There are 2 protein chains.
Amino acid sequence: MQLTRQTEYAIRTLIELVRAPEGVMVNSKAIAEKHNLPEKFLNKTIQILARAGLVETRRGMQGGIRLAVSPDSLKIADVLAAIEGKLALNPCLGGDYHCENQYLCPVRKVLQRTQEAILAELSKETFADLAKGEVTCE
Amino acid sequence: MQLTRQTEYAIRTLIELVRAPEGVMVNSKAIAEKHNLPEKFLNKTIQILARAGLVETRRGMQGGIRLAVSPDSLKIADVLAAIEGKLALNPCLGGDYHCENQYLCPVRKVLQRTQEAILAELSKETFADLAKGEVTCE
DNA sequence: TTAAATAAGATATTATTAATCATATTAGTA
DNA sequence: TACTAATATGATTAATAATATCTTATTTAA
C-alpha cells in the first residue's frame, strides 16, 4: 500500500513545472537529470500526464513540457488519479465490481471512509503551495 | 495503492474467529472453504498473524486457530501492520530511509498526514464492531 | 498407531512495476 | 532542404512483488 515510483516522479516533475517561469517549455531531459530519474521512463510518465490534461508537450527544438492547469487547482490527488487510476483500496470499491453485500459489509464501509480520508488529505494542498516549500525529497 | 489480497484474507479470517464461540479452536480449512480462499496460502497468512500475536494456533486433531487478543482492541490497522508491515506511503516515510530534506519537504508532509489519516480511519472500529455487521464482502 | 490438523521451506506462477530499445514524428534553424 | 533537438509510440525486457502450490515435517487427540 504505497505510491508507485511513477507517481512520485510525476509529482516531482509537476513541482518543477510550477516553479518554472509561467508558460515556458521545460526540457524533460533536464528534469530527469536534475532528479536523477530514468529519462525514457519519465517521458512515458509525462505522456500519461499529458493525456490526462495536466501538462502540455511540444516536440522539436525549443520543445518541452509545461503545465496545462493552474497550480492553484492542481492537487496530489489529481496526479494519483492520472497515474494510478481511480483509487480503490479493495476490489469491492472499484467501479465495475459487483458484490451483493456491498451495502451491508462493515469492512467495505471502513475502507470506503479510509479512501475518502486519503483523497481529502491529498486534496488539501495545491501544487502552488507545495512548490513554495523549501525542497522536495529525493 | 491498495490492500493486498492477503490482508483481506486475514481480515475475513479474523472476523470468523471473532464470531466463533470464545476460546474454541476453529478449523482453518473450514474458513478457506467457506470463503473460497486458497487453503495453503491462507495457512501462510495465519502463520503471519500468529507470529504477530493476533491468533493462537494448535496442531493436531481438535487443533485449529483462535483469537489471541480481545476483539475490543483489535483493529484493521493492526492487521495491516501484521501482514504488510508498517505503513509507508513513500520510501521517504520508511523507518530506515535517510533524506536530508526530510523535515522541509512539503510532499513528505502531505504524505505523512495522509498516512496518519489512514491509520486513524483503520483504527476507528474494532473487530468486535465489524463482526456485528451483517456480512462480509466476498 | 493412526488420522487430523498446522508448520515450514522451497518452488512455481502470475501480475505489476520499472526500465529500456528502436523507431517515428515534430519543429526550429542554419 | 538538411540537420538537430526535442517528444511520441509501441515493443520488449527486467525486476520486483504478490499469489499460489508442493512437499515434507511436526504435533496431538483418539
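What you see is a predicted model, and the numbers here were worked out from it, not measured in a lab. Each chain gets a letter, A, B and so on, in the order the sequences are listed, and its residues count up from 1.
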**Asked** What's the verdict on side chain to side chain contact (heavy atoms under 4.5 Å, CB included) for Leu49(B) and Ile83(B), showing C-alpha distance, side-chain angles and the deciding distance?
**Response** CA-CA 7 Å; Leu49(B) 294 178; Ile83(B) 304 288; 3.9 Å; yes
**Request:** Start with the C-alpha gap between Leu3(B) and Leu80(B), add the side-chain angles, then the distance that decides, and say whether side chain to side chain contact (heavy atoms under 4.5 Å, CB included) holds.
**Result:** CA-CA 8 Å; Leu3(B) 301 184; Leu80(B) 185 71; 3.7 Å; yes
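Distances shorter than 4.0 Å separate some side-chain N or O of Arg51(A) from OP1 or OP2 on dT9(D).
Partner of Ser28(A) under the side-chain hydrogen bond (donor to acceptor under 3.5 Å, both in side chains) criterion, out of Asn43(A), Thr13(A), Thr57(A): Asn43(A) alone.
Within 4.0 Å (heavy atoms only), Gln47(B) reaches at least one base atom of the nucleic acid. Residue contacts shown for Glu39(B) are absent, as no nucleic acid heavy atom lies under 4.0 Å away.
Here dT16(D) presents its P atom at 17 Å from CD of Gln6(A), a figure rounded to the nearest Å. Taking atom CG of Leu49(A) as the reference point, atom P of dT9(D) lies 14 Å away to the nearest angstrom. Across the protein-nucleic acid pair, Ile31(A) atom CD1 and dA6(D) atom C1' stand 13 Å apart, rounded to whole Å. When rounded to the nearest whole Å, the span between CE of Met61(B) and P of dT27(D) equals 18 Å. Rounded to whole Å, atom C1' of dA17(D) lies 13 Å from atom CZ of Arg5(B). Atom P of nucleotide dA8(D) and atom CZ of Phe41(A) are separated by 16 Å, given to the nearest angstrom. Atom C1' of nucleotide dA18(D) and atom CG of Leu37(B) are separated by 15 Å, given to the nearest angstrom. Regarding Arg59(A), its CZ atom lies at a distance of 15 Å from the C1' atom of dT4(D), rounded to whole Å.
Annotation: side chain of Arg108(B) is in contact with side chain of Leu93(B) (closest heavy-atom distance under 4.5 Å). Put simply, the side chain of Ile76(A) reaches to within 4.5 Å of the side chain of Phe127(A), judged on heavy atoms. Between Met1(A) and Leu89(A) the shortest side-chain heavy-atom distance falls below 4.5 Å.
The hydrophobic clustering, which links ILVMFWY residues whose side-chain heavy atoms are closer than 4.5 Å, places Met25(B) and Leu14(B) apart.
Across residues 74-85 of chain B, not one residue has a non-hydrogen atom less than 4.0 Å from an atom of DNA chain D.
Atom CG of Leu111(B) and atom CD of Glu116(B) lie 11.0 Å apart (nearest 0.5 Å). Separation of atoms CG (Asn90(A)) and CD (Gln115(A)) is listed at 9.0 Å; rounding is to 0.5 Å.
A nucleotide of DNA chain C counts as in contact with chain B when one of its atoms lies under 4.0 Å from a heavy atom; the first and last such, 5' to 3', are dA3(C) to dA10(C).
Across all their heavy atoms, Thr114(B) and Glu121(A) have their closest contact at OG1-CB, 3.4 Å.
Distances were taken from every side-chain heavy atom of Lys40(B) (C-beta onward) to each of dA20(D), dT23(D), dA29(D); the shortest belongs to dT23(D).
Heavy-atom distances to DNA chain C give each of Leu42(A) and Ala50(B) a nearest nucleotide, and the one nearer the 5′ end belongs to Ala50(B). Comparing Ser28(A) and Lys44(A), the nucleotide of DNA chain D nearest to each residue sits closer to the 5' end for Ser28(A). Taking for each of Arg58(B) and Gly64(A) the nucleotide of DNA chain D with the nearest heavy atom, the 5'-most of the two is the partner of Gly64(A).
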